[in-house]
Amino acid sequence: MNPWFTDYSQYLATLFPGVKVQKISVNTDRGCPNRDGTLGSGGCIYCNNQSFTPAYCFGVKGITAQLEAGKKFFARKYPQMKYLAYFQSFSSTYGRNAADLKADLTEALDVEDVIGIVVGTRPDCVPDAVLDVLTEIGHKVPVIVEFGMESLHDRTLRLINRGHDAATAVGSVSRAARRGLHVGVHLIAGLPGESESDILATVDAVCRLPVESIKMHQLQVLRDTPLADMIDRGEVTLEPYTYEQYLELCEKIVHRVPRHIAIDRFLSTAPPEMVVMPKWGVKNYVFTDMLLKRLAENKLPV
């Protein structure tokens, strides 16, 4: 336990007291309205979904089979672990009617040792019918809804082809929280055109919302994405954070995030062969250890 911020394991301990839990990713091939022509095509300019989806999600079909494969993967290290079904890939609530969504979540909870649900989605993919289902499930087990917010600056959202505005993100967070759902948000640092003050302004705004967790990502330029192509064509100029600069930024973020909001992680790690830049080759836990060391050395107020 560190004295500077609430980490995600501490947060999960409040939701699942007395047990250790691990997320297992589930891929239901739901797609994205920003890819299929509903809102746009090509998706967000930085997105390559394969960069964060575990291999067993692609090699195994079906919710139960993926969860069982994930359990086997983690059981070697953590034999007493309980699990959260993490509907992660693309926008897991997109294009779902209530009955199908409920059937998927119920199937996940029928798997032995699955004791909670985490749903990754976009702010524009949670109509009331979806929130009704999540709320119903949330009366049985904790349900965490993770929104890909990325930024709260409309000019940035337009540039990255996000397909929704900041007001939609703020509204969806509030709607989900009012239902009693546990809300987290994902933010990306280093998006084209954003300064450090822009990023910190988004963090400050998020901390005024009814969120329980924040997941930070540094922007990674990945192969086979519109962003990589735009950089090659000279349409976007990007100077990614250096490792040291990102450590400094995260130190400032820690200082701004109140203790009632957990910080899930600071770093995203795509497979090295997919990364164009920055090529740090550092795992999240290594980065977090370096950040904690820096916080201690700089005597950040507790």
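This one's a predicted model, so the numbers in the text were calculated from it and none came from an experiment.
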Which atom pair, heavy atoms only, marks the closest approach of [X] to [Y]?
X	Y	answer
Cys250	Leu291	CB-CD2, 3.9 Å
Val183	Ala176	CG2-CB, 3.8 Å
Val286	Tyr243	O-OH, 4.5 Å
Glu107	Thr64	OE2-OG1, 2.7 Å
His164	Gly148	NE2-O, 4.2 Å
Leu219	Pro192	CD2-CD, 4.2 Å

From [X] atom [atom1] to [Y] atom [atom2], the distance as rounded to the nearest 0.5 Å:
X	Y	atom1	atom2	value
Ile63	Leu105	CD1	CG	7.5 Å
Leu109	Asp104	CG	CG	11.0 Å
Leu12	Leu84	CG	CG	6.5 Å
Leu67	Glu112	CG	CD	12.5 Å
Lys72	Ile24	NZ	CD1	12.0 Å
Leu152	Leu157	CG	CG	7.5 Å

Quick check: does any side chain N or O of [X] sit under 3.5 Å from a backbone N or O of [Y], one acting as donor and the other as acceptor?
X	Y	result
Ser172	Pro123	yes
Asn161	Cys44	no
Arg122	Arg162	yes
Arg223	Val276	no
Gln218	Ser268	yes
Arg179	Glu136	no
Thr202	Ser151	no

| field | Residue pair Lys252, Glu196: steps toward the salt bridge (Lys or Arg N to Asp or Glu O under 4.0 Å) verdict | value | CA-CA 10 Å; Lys252 294 175 183 178; Glu196 179 179 283; 2.7 Å; yes
| field | Atom NZ of Lys102 with >12 non-hydrogen neighbours under 6.0 angstrom | value |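 Atom NZ in Lys102 is not packed in, count stays at 12 or less.
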| message | If you count every heavy atom of other residues, nucleotides or ligands that lies below 6.0 Å from Asp224 atom CG, does the total exceed 12? | response |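 No, not enclosed.
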| query | If Ile, Leu, Val, Met, Phe, Trp and Tyr residues are connected whenever their side-chain heavy atoms lie under 4.5 Å apart, and connections chain through other members, are Val141 and Leu131 in the same group? | reply |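 Yes, Val141 and Leu131 fall within the same hydrophobic cluster.
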| message | Using the rule that Ile, Leu, Val, Met, Phe, Trp and Tyr join whenever any side-chain heavy atoms are under 4.5 Å apart, tell me whether Val170 and Val145 fall into a single cluster. | response |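 Val170 and Val145: one cluster.
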Any side-chain heavy atom of [X] within less than 4.5 Å of one from [Y]?
X	Y	value
Val119	Ile144	no
Ile261	Tyr11	no
Arg175	Val126	yes
Lys293	Glu297	yes
Asp198	Ser195	yes
Val282	Leu267	yes
Lys20	Lys82	no
Tyr86	Ile117	no

| request: For Tyr46 and Gln220, test the side chains for any donor-to-acceptor distance below 3.5 angstrom and give the result as yes or no. | output: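 Tyr46 vs Gln220: no donor-acceptor pair found between side chains.
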| Check: Thr121/Glu146 side-chain N/O donor and acceptor closer than 3.5 Å |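 Not at all, the side chains of Thr121 and Glu146 share no donor-acceptor pair under 3.5 Å.
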| request: Run the numbers on Ile253 and Val257 for side-chain contact (heavy atoms from CB on, under 4.5 Å), then give the verdict. | output: CA-CA 6 Å; Ile253 289 171; Val257 176; 3.9 Å; yes
| query | Yes or no on side-chain hydrogen bond (donor to acceptor under 3.5 Å, both in side chains) for Asp165 and Thr168, after CA distance, side-chain angles and deciding distance? | reply | CA-CA 6 Å; Asp165 60 9; Thr168 299; 2.7 Å; yes
| Criterion side-chain hydrogen bond (donor to acceptor under 3.5 Å, both in side chains) on Asn27 and Gln88, from CA distance to verdict | CA-CA 6 Å; Asn27 178 16; Gln88 177 183 20; over 6 Å; no
| field | Step-by-step salt bridge (Lys or Arg N to Asp or Glu O under 4.0 Å) determination, Arg294 to Glu248 | value | CA-CA 9 Å; Arg294 183 187 186 94; Glu248 291 179 3; 3.7 Å; yes
| message | Please determine whether side-chain contact (heavy atoms from CB on, under 4.5 Å) holds for the pair Met216 and Tyr246, giving the CA-CA distance in whole Å, both sets of side-chain angles, and the decisive distance to 0.1 Å. | response | CA-CA 11 Å; Met216 291 299 308; Tyr246 192 61; 3.9 Å; yes
| request: Just do the salt bridge (Lys or Arg N to Asp or Glu O under 4.0 Å) check on Lys283 and Asp289 with the steps written out, would you? | output: CA-CA 10 Å; Lys283 299 290 187 182; Asp289 287 346; over 6 Å; no
| request: Could you walk me through whether His217 and Leu187 pass side-chain contact (heavy atoms from CB on, under 4.5 Å), step by step? | output: CA-CA 6 Å; His217 301 273; Leu187 303 177; over 6 Å; no
| request: Using a strict 4.0 Å threshold on nitrogen-to-oxygen distance, state whether Glu68 and Lys71 make a salt bridge. | output: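 Salt bridge present between Glu68 and Lys71.
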| query | Passes salt bridge (Lys or Arg N to Asp or Glu O under 4.0 Å), Asp7 versus Arg265? Steps please. | reply | CA-CA 8 Å; Asp7 65 33; Arg265 63 186 302 152; over 6 Å; no
| said: Walk me through whether Asp132 and Thr135 qualify under side-chain contact (heavy atoms from CB on, under 4.5 Å). | reply: CA-CA 5 Å; Asp132 288 343; Thr135 303; 5.6 Å; no
| request: Report yes if the distance between the aromatic ring centroids of Phe266 and Phe5 is under 6.0 Å, otherwise no. | output: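 That pair passes the under 6.0 Å test.
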